[in-house]
Undergrad: 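What follows is a single structure, and I will ask about it in a moment.
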Amino acid sequence: KDLKKYIDKHGKMESVNEVSGVDVAKKVLKNKIRSLTKEIKSKEEFLKKGNTLLESIDILSLNKQKEEADELQERVENLLREQEKQEREKETSLRQIKILTDIPCGDKYLTSCKFIKDAHGAKQDLTITQKVLSEVENKLELNSGELSDINVDKVSKTISNWNQLTHKIKDEQNNIANLSLDLERTNATIQKLEGEIKQLNETANYYEEHKEVLENMEKVVSELELAR
C-alpha cells in the first residue's frame with residue numbers, strides 16, 4: 001500500500017532533478033542575503049556617522065542666529081528707505097531756503113509772501129530733518145555692524161546642510177526597514193526550500209531503496225490503466 005501511495009503521489013522519479021533545482025534557488029537566495037546584509041551594514045554605518053555629525057551641530061543656536069540676522073536685515077532695509085526719504089526732504093528744504101538768498105527783500109515780506117513764508121518754514125523743517133537723518137544713520141550703522149558680526153552665508157549653509165542630512169537619515173532609516181523586511185522574507189524562503197530539499201532527498205532515498213519494486217509497480221499500474 002505504501003508503495004502504491006508513493007507511486008500515485010510522485011509518478012515518475014524526478015526527485016534528483018528537483019533537488020538540483022531547489023539547490024540552485026537556494027544559492028541564489030544565499031547570495032541575495034549576503035548582498036542585503038552588506039547593504040544594511042553600509043547604511044547603518046552611514047546613520048551612525050550622520051547622527052554623530054548632527055549631534056555636533058547646535059541647530060537651535062544656528063536657527064536663533066538666522067532669525068536675528070533676518071530681523072537685522074529687515075531693520076537695515078527699513079532704515080535705508082527712511083534714510084532715502086529724509087534725504088529727499090532735506091533736498092526739498094534746501095531748495096526752499098535758497099529762495100531767501102536769491103531775493104533782495106529777505107525777511108521783509110515774511111507774512112505776506114507765500115514763498116518767503118514757506119522758505120522760513122523749510123528752515124525749521126531742515127533742522128528736524130537733519131536730526132532725524134542723524135538718528136537714522138546712527139541706527140543704520142549700529143544694525144549694519146551687528147549684522148556683519150553674523151556670518152549669514154555660513155549660518156544659512158550649515159542649516160541647509162543639517163536639514164538635508166536629517167532628511168537623508170530619515171530616508172535611509174526607511175530603506176533599512178524595507179531591506180530588513182526583505183532579508184527576513186528571504187530567510188523564511190530559504191528555510192522553506194531547505195524543508196523541500198529534505199523532503200526531496202527522503203523521496204530520492206526511498207526510491208533508491210525500493211527502486212526495483214517501484215519500477216515493477218509502475219509497469220503494472222500502466223498496464224492496468226491501458227487495459228481499462
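Below, each value reflects all heavy atoms present in this structure, side chains not excepted, and no hydrogens, waters or symmetry copies. Because the structure is a prediction, the values reported are computed rather than measured.
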Undergrad: Can you give me the closest heavy-atom contact between Val155 and Gln65, atom names plus distance?
TA: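 In this case the closest contact between Val155 and Gln65 is CG2-OE1, 3.7 Å.
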Undergrad: Measure the spacing between CD1 of Ile190 and CG of Leu29 and express it to the nearest 0.5 Å.
TA: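 Between Ile190 CD1 and Leu29 CG, I get 5.0 Å after rounding to 0.5 Å.
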Undergrad: Please tabulate, for the side chains in residues 51-58, all donor-acceptor contacts under 3.5 angstrom to protein atoms that are two or more places apart in sequence or on a different chain.
TA:
| from | atom 1 | to | atom 2 | distance (Å) |
| --- | --- | --- | --- | --- |
| Asn51 | ND2 | Leu47 | O | 3.0 |
| Thr52 | OG1 | Lys48 | O | 2.8 |
| Ser56 | OG | Leu53 | O | 2.5 |
| Asp58 | OD1 | Ser61 | N | 3.2 |

Undergrad: Quick one: does Thr92's side chain get under 4.5 Å of Glu89's, heavy atoms only?
TA: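 No, too far: nothing below the 4.5 Å cut-off.
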Undergrad: Nearest 0.5 Å, what's the CD-CD distance between Glu87 and Glu137?
TA: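 The CD atom of Glu137 is 6.5 Å from CD of Glu87, to the nearest 0.5 Å.
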Undergrad: Run the side-chain donor-acceptor check on residues 70-78: report pairs under 3.5 Å with partners two or more places apart or on a different chain.
TA:
| from | atom 1 | to | atom 2 | distance (Å) |
| --- | --- | --- | --- | --- |
| Asp70 | OD1 | Lys66 | NZ | 3.2 |
| Asp70 | OD2 | Lys66 | NZ | 3.2 |
| Gln73 | NE2 | Glu77 | OE2 | 3.3 |
| Arg75 | NH1 | Asn143 | OD1 | 3.4 |
| Asn78 | OD1 | Arg81 | NH2 | 2.2 |
| Asn78 | ND2 | Glu74 | O | 3.3 |

Undergrad: Over all heavy atoms of both residues, which pair between Gly50 and Leu165 is shortest? Give the atoms and the distance, please.
TA: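 Residues Gly50 and Leu165, closest heavy atoms: O-CD2, 3.7 Å.
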Undergrad: Going by the salt bridge (charged side-chain N to carboxylate O under 4.0 Å, His left out) test, which pairs reach into residues 151-178, not counting sequence neighbours?
TA: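 Residue pairs passing salt bridge (charged side-chain N to carboxylate O under 4.0 Å, His left out), neighbours aside: Lys43-Glu172, Lys168-Glu172.
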Undergrad: With rounding to the nearest 0.5 Å, note down the distance linking CD1 in Ile176 to CD1 in Ile169.
TA: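 Taking CD1 in Ile176 and CD1 in Ile169, the distance rounds to 10.5 Å.
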Undergrad: Are any non-hydrogen side-chain atoms of Gln164 and His167 less than 4.5 angstrom apart?
TA: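 In short, these two side chains do not touch, never coming nearer than 4.5 Å.
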Undergrad: Does Thr166 reach the main-chain N or O of Trp162 with its side chain, forming a donor-acceptor pair under 3.5 Å?
TA: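 Yes, Thr166 side chain to Trp162 backbone: donor-acceptor pair under 3.5 Å.
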Undergrad: Between CD of Gln173 and CD of Glu44, what distance do you get to the nearest 0.5 Å?
TA: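 Here the rounded value is 11.0 Å.
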Undergrad: So, for Ala69 and Val152, which heavy atoms are closest and what is the spacing to 0.1 Å?
TA: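 So the minimum-distance heavy-atom pair works out to CB-CG2, 3.9 Å.
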Undergrad: Using the salt bridge (charged side-chain N to carboxylate O under 4.0 Å, His left out) rule, take Glu135 and Lys139 through it: C-alpha gap first, then chi angles, then the decisive distance, then the call.
TA: CA-CA 6 Å; Glu135 291 176 355; Lys139 290 180 180 178; 5.6 Å; no
Undergrad: Atom OG1 in Thr189, atom CD in Glu184: separation rounded to 0.5 Å?
TA: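 Between Thr189 OG1 and Glu184 CD, I get 10.5 Å after rounding to 0.5 Å.
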Undergrad: Measuring only between side-chain heavy atoms, which start at C-beta, is Asn175 closer than 4.5 Å to Glu39?
TA: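 No; the side chains remain at least 4.5 Å from each other.
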Undergrad: Can you measure from CG (Leu181) to CZ (Arg185) and round to the nearest 0.5 angstrom?
TA: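 Between Leu181 CG and Arg185 CZ, I get 4.0 Å after rounding to 0.5 Å.
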Undergrad: Please confirm whether the backbone N or O of Gly145 pairs with a side-chain atom of Ser148, one donor and one acceptor, at under 3.5 Å?
TA: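 Side chain of Ser148 to backbone of Gly145: a pair is present.
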